[in-house]
Amino acid sequence: MRKIVIAGNWKMFKTQAESAAFLSGFLPHLEETPSIREVVLCPPFTDLSLLSKFLHGSRVNLGAQNVHWEENGAYTGEIAAPMLTEIGVRYVIVGHSERRQFFGETDVTVNLRLKAAQKHGLTPILCVGETKQQRDAGETESIISTQLEKDLVDIDQNNLIIAYEPIWAIGTGDTCESKEANRVIGLIRSQLTNPLVPIQYGGSVKPNNIDEIMAQPEIDGALVGGASLEADSFARIVNYQ
Ligand SMILES: O=C[C@H](O)COP(=O)(O)O
């Protein structure tokens, strides 16, 4: 049986005080959450240490939003895997489209980051997806297939999560139709060697569409941006019907 993983990606939002306030509103809702659902929060680096202490003993796991491929070195602005694992981080987002678009992330560096994460026991959440222009040109399948082919070279598929995030659906309110997301995720799965890799959908996931998204047979969870920033909203998503 495939794991269900619901992850909140806070991107560059929330100070420590704001993240602590979020938890006091969010954690009580988890009493209703079925235990087979894995819940992950990926805050900014500055919140990780504090949240790690607050979440100790709770069922919420911590994820980072990036990891470098070296264990240390002169890489200003980057973070190394041992720095994350030391404070209890278990997941890391790799290859998010915002990293690819704004910070020069390529399939080569995505592959290096995935390897480093796995080497140190982190579970990477690899993001793939097409732009609006690529979708309109009928290139969705080929773009995603190329990303997977390059990103997954020598990657252990026993410790991996994939997030299908159509770039045109991120932060736009323009969700990919759930059956279409299901179709693309099925195609992603057909390209993997391990059929048990959980594959999430990401892109304008909200309390009012999560039930329909999670009703799709290929979709194993969600990577949630904006709607994970507010405790009640993220709680409704985690507690989907
Ligand atoms: O990592 C999360 C995605 O970029 C989705 O963001 P969004 O839910 O705000 O569209």
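Numbers for residues simply follow the sequence, beginning at 1. Atoms within a ligand are numbered from 1 in the order they appear, just like the ligands themselves.
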G203 near ligand 1 by a heavy-atom separation under 4.0 Å: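 Yes, G203 has a heavy atom closer than 4.0 Å to ligand 1.
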Ligand 1 contact by K11, heavy-atom criterion under 4.0 angstrom: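 A heavy atom of K11 does come that close to ligand 1.
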Test side chain to side chain contact (heavy atoms under 4.5 Å, CB included) applied to Q65 and N9, step by step: CA-CA 7 Å; Q65 298 175 19; N9 174 11; 3.6 Å; yes
Side chain, backbone, both or neither: A169 near ligand 1, heavy atoms under 4.0 Å: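 The answer is the backbone of A169.
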Which segment of N9 sits under 4.0 Å of ligand 1 when only heavy atoms are counted: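 Side chain only.
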Protein residue, atom and distance nearest to atom 2 (C) of ligand 1, heavy-atom basis: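 It is E165 OE2, 3.2 Å.
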Top protein contact for atom 8 (O) of ligand 1, by heavy-atom distance: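 Result: G225 N, 2.9 Å.
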Close side-chain approach of F22 to K14, heavy-atom, < 4.5 Å: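 Yes, their side chains come closer than 4.5 Å.
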Non-hydrogen side-chain atoms of R2 and R189 separated by less than 4.5 Å: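 Sidechains of R189 and R2: in contact.
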Sub-4.0 Å atoms of ligand 1 with respect to non-hydrogen atoms of G226: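 Heavy-atom distances to G226 below 4.0 Å select 7 (P), 8 (O), 9 (O).
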Those atoms of ligand 1 less than 4.0 Å from some heavy atom in G171: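 Going through ligand 1 atom by atom, the ones under 4.0 Å from G171 are 7 (P), 9 (O), 10 (O).
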Side-chain H-bond candidate by donor/acceptor type, N66 with H96, under 3.5 Å: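 Note: N66 and H96 side chains miss the donor-acceptor criterion.
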Exercise: do Y201 and E165 side chains pair donor with acceptor under 3.5 Å: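 Per modelled atom types, Y201 and E165 side chains form no pair under 3.5 Å.
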R236/E230 ion pair, N-O < 4.0 Å: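 No, R236 and E230 are not salt-bridged.
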Under 3.5 Å: N/O of S204 near N/O of ligand 1: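 Yes - when backbone and side-chain N and O of S204 are compared with those of ligand 1, one distance drops under 3.5 Å.
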Heteroatom proximity flag, K206 to ligand 1, N/O under 3.5 Å: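 Not met; the criterion fails.
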Residue E86 excluded, over 12 heavy atoms near CD under 6.0 Å: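 Atom CD in E86 is not packed in, count stays at 12 or less.
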